[in-house]
Amino acid sequence: MNVDQRARAGLQFLGSLQVFSSTELQQQAEEDFAESDEAPGLTQEFQTDADRDAWLERLAQAREVVERSPAFRFNRLYQRYVAEENWVRAITGVERRREMFAKVAPTPPPKGDPRLHLNPDLEMPEYYQGVEWHLQPGGLDGYDLSAAMAFSGFIPYVFARGGFAAVAVGDNLLQQRRDVIQQFRSDSLKRIYDPGCGGSGTLGLCRERFPEAELIGGDLSAQVLINGLKFSDKTGIPVELWQEDARHTAQADGSVDGVISYALHHELPPEVSFDVLKEMFRILEPGGEMVISDPPPFRAVGPFQAVMLDWETENRSEPYFTEAGIFNLAQAMSEIGFVDVEEYPLQETCYPWVTRGRKP
Amino acid sequence: MTEDSTKSSETSQHAQRPDKPYLSTPELDALALSQTELLSELWILRDRVTVLEHLLTEAGVLKPDAVDNFELPTDLAERLDRERDQLVARIVGAGHRKKLDLDTLKEQP
């Protein structure tokens, strides 16, 4: 089911603009930075970890230098433009064909369906309330045709081309998820939980490597879970989805042997991130594994890339991106009791950045 | 959208643009964004014309290159001249307009 020509071409234009911005302009901006007097000192400084205040100071210094580049300023203007227009083009395109898309829009299953546990009484955490993630008008639960908006709208025409946040132009988003799932050490997981499962896409891919595993997902958003169940129906991959706070899940102690967390932790304040790790430790059985994929921490990248990642916080409605870049997930996992903790990138661009550990 | 699932959007607020301009001034940002929006509209139109030509060719209505080789008849050439002149005067002249009165407006297409 497609959007009309106007929406398609408009979205494709955004994809092209994003590619241009993230290749030619970004490369020019990076060269401008490299030629600055401050670049060698800043690059050296970024190679060691530091406390939060020191990171904020370093980022401010690097930003001041990076922003001198006209190419960088235009690059950021276009990034913001595309980030906003994604929604404008996709939503107006879906609205022009509302009747058609509404007929196939995911709807909640009858109450009591064991595959979806919606919780109308769930109190949304303070850090989550009122946030229009990624500039999405109305937030994750604000638009009833969000599945069409995403899958017939910006995903195929804009996101699939890459060139935003930590995702490089030409990155294969689907393959990246598969590569992350390959980071489980075990080849025979039986019960996998995803604490921020969204539309259950990552869980669906887990099925490829672990065909026998039970797949369970949690998320705060009812709408994305409803979309996730529809995805499950469409693909024939059974899932069990819970509307819940990942710090307090419905899963019993030691009831799963794998936890996959994909692009969740940068959406959490550090203290929440820590509590989610603790909760995952609780629900994992001894020997169970957790694999996390998120954008890289600042200590893993140079000053130019760090400035671009930090930019997301103020400009793409990613309120915790900077704090997540400072937070040390690997260290937190070790403090909680995970063992064999490792962190490493899967690509030269440092994304996806994987952190993994095992419950002893 | 069910009543239950709207719970989290009740307190939703619009994501504001940062106060600091991306280029050197807010006015320059506005001009650059406006120009980008025009480029977007231009592309949508070009895409549409290309699709139309393709469909018409497939249907046997147009021969390949028919549009490129088309020789304008006088009446259509005059119409395009007129409309192009008006477009240029409106767009290029927008910043140079000295008066805004009823008589001037009545003369506009």
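Per chain, numbering begins at 1; letters A, B, ... match sequence-line order.
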* Can you establish whether the number of heavy atoms outside B/D19 located under 6.0 Å from its atom CG is more than 12? => no

* Looking at CH2 of B/W43 and CD of A/Q12, how far apart are the two atoms once the value is rounded to the nearest 0.5 Å? -> 7.5 Å

* Identify which part of A/L145 has an atom lying under 4.5 Å from any heavy atom of chain B, answering side chain, backbone, both or neither. => neither

* Side chain, backbone, both or neither of B/L39 within contact of chain A (heavy atoms, under 4.5 Å) -> both

* Student check: side-chain heavy atoms of B/T36 and A/Y78 closer than 4.5 Å -> yes

* Which value, rounded to the nearest 0.5 Å, describes the distance between B/K20 atom NZ and A/E67 atom CD? -> 3.5 Å

* What is the distance from atom CD1 of B/I44 to atom CZ of A/R6, rounded to the nearest 0.5 Å? -> 4.5 Å

* Look at A/R76, A/E85, A/Q5 and state which one has the largest set of heavy-atom pairs under 4.5 Å with chain B. => A/Q5

* Identify which part of A/W133 has an atom lying under 4.5 Å from any heavy atom of chain B, answering side chain, backbone, both or neither. => neither

* Asked: So which part of A/R89 gets closer than 4.5 Å to some heavy atom of chain B, the side chain, the backbone, both or neither?
  -> side chain

* To do: Side-chain contact test, heavy atoms from C-beta onward, threshold under 4.5 Å: evaluate it for B/D29 versus A/Y81 and give yes or no.
  => no

* Structure fact -> Bottom line for B/R46: the part with an atom under 4.5 Å from chain A's heavy atoms is neither

* Asked: Should the pair A/E84-B/R17 be classified as a salt bridge under the 4.0 Å nitrogen-to-oxygen rule?
  -> yes

* Nearest heavy atoms of B/P18 and A/E314, plus distance in Å -> CG-O, 3.6 Å

* Validation row: A/R8, B/D47 side chains within 4.5 angstrom (heavy atoms) -> yes

* Is it true that atom CD of A/E24 has more than 12 heavy atoms of other residues, nucleotides or ligands lying nearer than 6.0 Å? -> no

* Does CZ in B/R79 sit with more than 12 non-hydrogen atoms of other residues, nucleotides or ligands closer than 6.0 Å? -> no

* To do: Decide if atom CZ of B/R48 counts as having more than 12 heavy atoms of other residues, nucleotides or ligands within a radius under 6.0 Å.
  => no

